[in-house]
Amino acid sequence: MKSKVPANEHPLGKASIGMLAVTLAAAAIVYTMGTAKAEEALIIPPPSPAVTAGLAAGTAIQETAVFAGGCFWGIQGVFQHTKGVANAVSGYAGGSKENADYDRVSSGTTGHAESVQVTYDPQQISYGKLLQIYFSVAHDPTQLNRQYPDSGTQYRSAIFYKNANQKQIAERYIAQLEGTHLYKAKIVTQLSPLSAFYAAEKYHQDYATLHPESGYIARFDLPKIANLKKLYPDVYRETPVLVAAQAGNMAKAR
């Protein structure tokens with residue numbers, strides 16, 4: 001399991017920076033020289049009309065969706081480069097507030113999954129399109145409780161639905177994808193009701209954008225963003241929407 005905390009922002013303080021730097025450097029070498037492979041994009045069909053048949057169309061100006069699929073850095077990066085997405089925040093879902101912090105979630109014992117809350121404009125991009133991106137370029141939905149080098153239930157593939165519509169669309173789309181036999185193994189994505197989402201620590205936000213030099217980001221996350229651009233040029237945007245920018249705008253408005 002990797003250490004994700006940049007040395008200059010580690011909550012343990014400056015005394016730990018030297019040791020952490022060595023640990024991160026060693027981890028980068030392991031990932032660069034190891035046998036783990038980067039995510040491979042899979043060309044899949046969009047949701048068919050049957051997926052949304054009989055479901056009432058929403059009228060909200062903004063909607064939210066919560067997706068989990070391995071390290072939240074990559075999932076966040078993909079959706080930050082997706083048109084129609086107003087914000088994508090890394091965080092934790094599936095557990096309680098009391099232990100929704102990185103150190104405890106990383107133990108794999110809290111019930112949380114590293115997740116991303118996506119706020120989007122349904123007039124620009126549909127929930128079904130977000131699911132297509134999620135199942136094709138954001139992660140591999142056939143890996144059980146892991147994504148390539150990261151293992152544990154905190155890295156599980158999961159959709160945390162906020163209402164009955166999201167649940168039915170996800171269920172129907174998974175059934176559609178299983179019927180295509182495009183995946184080499186069964187889709188193991190869990191569908192769970194969203195009880196709460198807890199934003200991750202500041203140093204985890206916008207990580208793929210802020211640390212492109214990271215061996216982990218270069219090997220496992222930047223290829224996801226490149227695959228988004230390649231497979232979905234109609235919804236790809238070059239400049240990502242960042243959490244830091246959102247926070248800055250809110251501060252100016254006060």
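Excluded from the calculations below are hydrogen atoms, water molecules and symmetry mates; all remaining heavy atoms, backbone and side chain alike, are included. As the structure is a computational prediction, the values presented were derived from the model and not from experiment.
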Results of ring-ring contact (aromatic ring centres under 6.0 Å, His included) for Tyr236 - residues two or more places apart only: His81

Full working for side-chain contact (heavy atoms from CB on, under 4.5 Å) between Gln80 and Asp206: CA-CA 9 Å; Gln80 287 182 321; Asp206 307 328; 2.9 Å; yes

Interatomic distance, Phe72 atom CZ to Gln147 atom CD [nearest 0.5 angstrom]: 14.5 Å

Shortest non-hydrogen separation from Pro46 to Tyr173 and the atoms involved: C-CE1, 3.8 Å

Considering all heavy atoms, the nearest Tyr148-Asp140 contact: OH-OD2, 3.9 Å

Test side-chain contact (heavy atoms from CB on, under 4.5 Å) applied to Ile187 and Phe135, step by step: CA-CA 9 Å; Ile187 292 174; Phe135 281 114; 4.2 Å; yes

Asp221 and Tyr207, any side-chain heavy atoms less than 4.5 Å apart: no

Which atom of Ser157 lies closest to which atom of Thr189, heavy atoms considered: OG-OG1, 2.7 Å

Within-4.5 Å side-chain heavy-atom neighbours: Pro193 and Phe160: no

Closest approach of Arg146 to Ser151 (non-hydrogen atoms, all atoms of both residues): NH1-CB, 3.4 Å

Minimum heavy-atom distance between Asn165 and Ala56, given as atom pair plus value: ND2-O, 3.0 Å

Side chain to side chain donor-acceptor pair (under 3.5 Å) partners for Asp101, two or more places apart: Arg104

Connected via hydrophobic side-chain network under 4.5 Å: Ile44 and Leu231: yes

Nearest heavy-atom neighbours spanning Ile217 and Pro223: O-CD, 4.2 Å

Transitive ILVMFWY cluster of Val188, excluding itself - 4.5 Å side-chain cut-off: Leu144

Pairs satisfying salt bridge (charged side-chain N to carboxylate O under 4.0 Å, His left out), at least one member in residues 84-100, at least two apart: none

Val137 side chain near Lys230 side chain, heavy-atom distance below 4.5 Å: no

Approximate separation, where rounding is to 0.5 Å, of Tyr155 OH and Asp150 CG: 4.5 Å

Thr82 side chain to Tyr120 side chain, donor-acceptor N/O pair below 3.5 angstrom: no

Approximate separation, where rounding is to 0.5 Å, of Tyr161 OH and Gln166 CD: 10.5 Å

Gln246 side chain to Ala86 backbone, donor-acceptor under 3.5 Å: yes

Atom pair NE2 (His204) and NZ (Lys202), whose distance is rounded to the nearest 0.5 Å: 13.5 Å

Partner set under salt bridge (charged side-chain N to carboxylate O under 4.0 Å, His left out) for Glu238, not counting sequence neighbours: Lys229

Residues forming a side chain to side chain donor-acceptor pair (under 3.5 Å) with Ser195, sequence neighbours excluded: none

Donor-acceptor under 3.5 Å (Lys224 side chain, Ala138 main chain): yes

Atom NZ of Lys162 with >12 non-hydrogen neighbours under 6.0 angstrom: yes

Shared hydrophobic cluster, Leu222 / Tyr232 (ILVMFWY, side-chain heavy atoms < 4.5 Å): yes

Let me have the donor-acceptor pairs involving side chains of residues 63-71, under 3.5 Å, with sequence neighbours excluded, atom names and distances please.
none

Residues 87-95 side chain polar contacts: donor-acceptor under 3.5 Å, at least two apart:
| unit_1 | atom_1 | unit_2 | atom_2 | d |
| --- | --- | --- | --- | --- |
| Ser90 | OG | Gln76 | OE1 | 3.4 |
| Tyr92 | OH | Tyr102 | N | 3.4 |
| Tyr92 | OH | Glu201 | OE1 | 2.7 |

Leu191 vs Ile174, side-chain contact (heavy atoms from CB on, under 4.5 Å): CA-CA, chis, key distance, verdict: CA-CA 10 Å; Leu191 299 183; Ile174 290 173; 4.2 Å; yes

Beyond-backbone contact of Leu130 with Val85, side-chain heavy atoms, under 4.5 angstrom: yes

Ile159 side, atom CD1; Lys167 side, atom NZ - distance, nearest 0.5 Å: 12.5 Å

Side chain to side chain donor-acceptor pair (under 3.5 Å) involving Asn163 - partner list, sequence neighbours excluded: none

Ile169 CD1 to Gln176 CD distance, which is reported to the nearest 0.5 Å: 12.0 Å

Cluster check Ile61, Val118: I/L/V/M/F/W/Y, side chain < 4.5 angstrom: no

Single-linkage hydrophobic cluster Ile125~Phe79, side-chain heavy atoms < 4.5 angstrom: yes

Pairs involving residues 172-200, ordered by first then second residue, that meet salt bridge (charged side-chain N to carboxylate O under 4.0 Å, His left out) (sequence neighbours left out): Glu178-Lys186

Partner set under side chain to side chain donor-acceptor pair (under 3.5 Å) for Thr110, not counting sequence neighbours: His112

Pairs where residues 118-135 contributes a residue and the test salt bridge (charged side-chain N to carboxylate O under 4.0 Å, His left out) is met, not counting sequence neighbours: none

Exercise: do Asn99 and Ser96 side chains pair donor with acceptor under 3.5 Å: yes

Hphob cluster co-occupancy, Val235 + Val78, side-chain heavy atoms under 4.5 angstrom: yes

